[in-house]
Amino acid sequence: MGQMLTILGLESSCDDTAAAVVRQADGAAPEILSSIVLGQTALHAPFGGVVPEIAARAHAEKIDLAVEQALAEAGVDLHDLDAIAVTAGPGLIGGVLAGVMCAKGLSAATGLPLIGVNHLAGHALTPRLTDGLEFPYLMLLASGGHCQFLRVDGVEDFTRLGGTIDDAPGEAFDKTAKLLALPQPGGPAVEREAEAGDPARFAFPRPLMDRPGCDMSFSGLKTALLRARDAILPEKGGITVQDRADLCASFQAAVRDVLARKARRAIAAAPEGLTALAVAGGVAANRSIRDALEQVAAEAGLPFVAPPLRLCTDNAAMIAWAGLERFRLGHADDMTLAARPRWPLDSQSPALVGSGKKGAKG
Ligand code: KG4
Ligand code: ZN
């Protein structure tokens, strides 16, 4: 067995303050020794979305606590670590800065190497942490802040095949929930309502289907949903429980169809030899969307890999793991590591127009 590496990871790019310890002996399966996520949902709830200034302060206050807890739960101290990995972007800059400054402090105090990790690479490499997936594979990242198809050819080799040109799908679920007076986060609430609804009652748009490629658009869906809701109001003076269920089911079917059809195209656009279709992000929790993607993978003869939800959504184990993979390749940063609000994974592909609640990220 090769060299054993123990890496501390820090994540603070959106609304979760997270720290984790991941260990791997070269050639062996990695082990998540701890994964602490201190969420900020309650702080942002009154504002109906993530408030960057509040997020930044909460990260600055809690990041050292998250580190302490992660080390204690893993049963290691700083001297047992080989390196410190931290999300250096993309994301809300105040939060990213809090993480990067904390990691630099730890690195300066201990002399441990510092590794900057791209948050999206963290998500994209997670199937290797959970399932030992070999390159190349296709990854659909679908959350409240991201939406893109990536071909993953190596630890630092990503090709963006397409992505949303406006809202992320999780954001569309959240806005739909808001329009229908359902609680946040909207995804689980809309999915629950949809169970009793008729997905064929409202013919919501499936945007960009006629356009070649894998780009997607979800912002028109909420307008269509708003119109459908408002058309019912004068008729009945309000919407019934059944109307709401039908609106949710029809909306969910539209998102599912777009993701499934574009996934089919992404598979067709990737070269031979893909090992799997993998997903990450909160939207991957949706049963109907998951089933549709699993079906698409099966049609192409590919395994479908969906990491457990706690590793699909934002966490620091994925950052520790991506850092570990970079470190094994001999890559590390130094004190000049910068926090970056935008940091496209694939510098060759054209920029996204928008990408969700964390703002456009290149
Ligand atoms: O990955 P995540 O925890 O955070 C980031 O956005 O980075 O994803 C959260 C998003 C929210 O927009 C939430 O509404 C959506 O994922 N989501 C779902 C479901 N569970 C969470 N969307 C659809 N169906 C679900 N079951
Ligand atoms: Zn994320």
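The residues of the chain are indexed from 1 along the displayed sequence. Predicted, not measured: the structure shown is a model, and the values here were computed from it. In listed order, ligands and their atoms are each counted from 1.
Contacts with ligand 1 closer than 4.0 Å are made by heavy atoms of both the backbone and the side chain of Asn286.
Using a 4.0 Å heavy-atom cutoff, Cys14 is absent from the residues neighbouring ligand 1.
Residues Phe251 and Phe173 place their aromatic rings such that the two centres sit under 6.0 Å apart.
Checking only distances, Cys312 never comes within under 3.5 Å of ligand 1, N or O to N or O. When only interatomic distances are considered, the shortest N/O to N/O separation between Gly170 and ligand 1 falls below 3.5 Å. Taking only nitrogen or oxygen atoms, main chain and side chain alike, Gly187 reaches within less than 3.5 Å of ligand 1. Considering backbone and side-chain N/O of His123, none are found under 3.5 Å from N/O of ligand 1. The shortest N/O to N/O separation between Pro185 and ligand 1 does not fall below 3.5 Å. Considering backbone and side-chain N/O of Asp174, one or more are found under 3.5 Å from N/O of ligand 1.
Ion pairing of Asp346 with Arg151 is absent here, as no side-chain N (NZ or NE/NH1/NH2) approaches a carboxylate O to less than 4.0 Å. A salt bridge does not link Lys262 to Asp257: none of the charged nitrogens lies less than 4.0 Å from a carboxylate oxygen. Ion pairing between Arg244 and Glu193 holds under the 4.0 Å rule for side-chain N and carboxylate O.
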* To do: Would you check, one step at a time, whether the test side-chain contact (heavy atoms from CB on, under 4.5 Å) holds for Ile32 with Ser35?
  => CA-CA 7 Å; Ile32 300 172; Ser35 180; 4.1 Å; yes

* To do: Kindly indicate, with the supporting measurements, whether the criterion side chain to side chain donor-acceptor pair (under 3.5 Å) is fulfilled by Gln252 and Ser250.
  => CA-CA 6 Å; Gln252 182 173 276; Ser250 302; over 6 Å; no

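Shortest distance from the Zn ion (ligand 2) to Asp314 is reached at OD1 (N/O/S atoms only).
Scanning all heavy atoms of the two residues, the minimum distance from Leu161 to Ala266 falls at CD1-O, 3.8 Å.
The Phe173 neighbourhood of ligand 1 comprises atoms 22 (N), 23 (C), with distances under 4.0 Å to a heavy atom of that residue. Near Gly281, meaning under 4.0 Å from any of its heavy atoms, are these atoms of ligand 1: 1 (O). Close approach of ligand 1 to Asp314 is summarised as follows: ligand atoms under 4.0 Å from at least one heavy atom of the residue are 7 (O).
Counting heavy-atom neighbours within 6.0 Å of Glu134 CD, excluding the residue itself, gives a total of 12 or less.
Contact annotation: His123 places an N, O or S atom under 2.8 Å from the Zn ion (ligand 2).
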